[in-house]
Amino acid sequence: MKSVYIAELSRHVGSEVLLQGWLYNKRSSGKVRFVLVRDGTGLVQGVVTSDADPTVFALADSLPQEASLRMRGTVRAEPRAPGGVEVSVTHIEPVHVPATPFPIGLKEHGTGFLMDHRHLWIRMRRQAPILRIRDGVLWAIRSFFRERGFVATESPVLVGTSVEGTTTLFPLDYFGAPAYLSQSGQLYLEATCAALGKVYWIGPVFRAEKSKTRRHLIEFWMAEAEQAFLDHDGNLALQEALVRHVVEAVAAEHSRDLAELERDSAVLLRAVAEPFPRVTYHEAVSLVQAAGVEMEAGDDFGAPAEDALSQRFGRPVFVERFPAAIKPFYMKRDPEQPDLALCADLIAPEGYGEIIGGSQRVDAEEELLHQLDEAGLSGEPYRWYLDLRRWGAVPHSGFGLGVERTIQWIAGIPHIRETIPFPRTLDRLYP
RNA sequence: UCCUCGGUAGCUCAGUUGGCAGAGCAGCCGGCUGUUAACCGGCGGGCCGGAGGUUCGAGUCCUCCCCGAGGAGCCA
């Protein structure tokens, strides 16, 4: 008999099916046994009554949590069952019967314990919808760029120099030469965009920061795009279209997963329905100060300041034209106010923090040399990057979207560690 | 790096003024014909994070160390 997946069961009401999966939980009452089976696509209740084969009844009694099994029975619509359908079980074939109890019970657990058992934690109920939404977000990003003619071009993960100069890098030994894990693919995208026009990549980046908050991972994924002949305003329009597309696609294709996480997709769709507000850095500072959060003009926004902005708008909001002094060397200055950079951060609603950082890039070689010098960086490691300004320099812009923070916002997850299968956090490299 | 809170059974936690080490869940045994983290009865289960100190007596008080969580800064 051909096996079916639990997600498809509603199409098989009345017929006999074979399910393959794991025992999630079991309950009983007198001469009825309920076995909850999961297969990665969903969770369904199997019912075994006393008139079943005695060996099947005994198995329903004795199989422990997370035993793997094949189960045969008839699908029935049943309002009392979770999910609305259940299976009247006629056969159970154990595939593997654990000898020791599964470490993760169905009651509460502490975070440290769950993180130590992340390889098993991902089997638990809440985790599957989150990881499916992650898949949905990544597909939505790819489809957005593909539809718009962007070419996926990979940036290297092993690099010889820093992108930003400031952020801490993971050092490596590259056959005797110093190397690092990349903290951003951006500089390389600037090169590929001059070859292909419109480019993007999605990949892991690494920050050796001692950050210990619910919004930080040491290893996280960035979706970065770069487009030639795109100016600052066009850059913001592109980012806005991307975020709107991702939210709408996930809301449409993952409504069941969002519902399982008790995330109201109406709230998400409302947040992206209207154009995203744009405020300048200096306007944002005033708004933050008016909200009673302490900060000085010239400083970058801290978490409380971002939250204040996030609450003020209730939608994603662009903060643009930061002081160039607190931004990286590669950002182009605003010609009308040369102390400001033509850049923007996109702050997600509901306190999920910054999800995009982007800018128009410096296109003149002299200007780039000057800004490298101001940042205290030697031009030598950036020779190839300077070359991009020596042959056919064009105005160009790009941005990087934090994939996990975007998932966190869309799925409504309090801590970023649940948005990636194996989170790398401060001092935690296991499992 | 800094600040705060924790570490007691496999898990989640309680433990009074310093005086016999506890509960729920999980496991094992039994009961219940529709359970929804089922429920009811019984049984087994301990280096109280580590070292030192105070005391007749320390899970409890003091000192140092280790580990974890939350937050800050930095960032996406």
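Remember, it's a predicted structure, so these values are computed and weren't measured experimentally.
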Return the polar atom pairs (N/O with N/O) between nucleotides 47-49 of chain B and the protein under 3.5 Å, or none.
none

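Residue ring and base: F34(A) does not count as stacked with G34(B) (centre distance below 5.5 Å and interplanar angle below 30° not both satisfied).
The gap from the C1' atom of U12(B) to that of G71(B) amounts to 23 Å, rounded to the nearest Å. Comparing the same atom, C1', in U17(B) and in C61(B) gives a spacing of 12 Å after rounding to whole Å. Taking atom P on both nucleotides, G49(B) is separated from G59(B) by 10 Å, rounded to a whole Å. Of the C1' atoms belonging to G30(B) and G68(B), the separation is 40 Å, rounded to the nearest Å. Here, C3(B) and C25(B) have their C1' atoms 35 Å apart, quoted to the whole Å.
Nearer to the 5' terminus of RNA chain B, by closest-nucleotide assignment, is the contact made by E108(A) (compared with the other of E108(A) and R215(A)).
Remark: RNA chain B takes part in the stems B:1-7 with B:66-72, B:10-13 with B:22-25, B:27-31 with B:39-43, B:49-53 with B:61-65, each of 3 or more antiparallel Watson-Crick or G-U pairs, criterion distances under 3.5 Å.
For a distance-only test at 3.5 Å, the side chain of H216(A) qualifies as a donor-acceptor partner of the base of C75(B). Between the base of C74(B) and the side chain of S211(A) there is a donor-acceptor pair shorter than 3.5 Å.
Proximity of residues 120-144 of chain A to RNA chain B (heavy atom under 4.0 angstrom from any strand atom) is not detected for any residue. A heavy-atom distance below 4.0 Å to RNA chain B is reached by these residues of residues 297-304 of chain A, ordered by number: D300(A), G302(A), A303(A), P304(A).
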**Asked** Going 5' to 3' along nucleotides 21-28 of chain B, which nucleotides have protein heavy atoms under 4.0 Å from the base (write B), which only from the sugar-phosphate (write S), and which from neither (write -)?
**Response** ----S-S-

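Within the nucleic acid shown, E306(A) comes within 4.0 Å of at least one base atom, counting heavy atoms only. Counting any heavy atom pair closer than 4.0 Å across all strands shown, H117(A) reaches no nucleic acid atom.
Between G70(B), U12(B), U35(B), one nucleotide has an atom nearer to the side chain of H109(A) than all others, and that is U12(B). Closest to the side chain of R27(A), from the set C32(B), A69(B), A37(B), is A37(B).
Between D345(A) and the options R321(A), R278(A), K327(A), a salt bridge (Lys or Arg N to Asp or Glu O under 4.0 Å) holds for only K327(A). Each of L236(A), V317(A), V243(A) was scored for a side chain to side chain contact (heavy atoms under 4.5 Å, CB included) with F276(A), with one residue passing: V243(A).
Among residues at least two apart or in separate chains, ring-ring contact (aromatic ring centres under 6.0 Å, His included) pairs with a member in residues 60-111 of chain A are H109(A)-F113(A).
The side-chain tip of R142(A) does not point at the ring of F150(A) from less than 6.0 angstrom away and within 45° of straight on.
Here the straight-line distance linking atom CZ of R126(A) with atom CG of D257(A) works out to 12.5 Å at 0.5 Å rounding.
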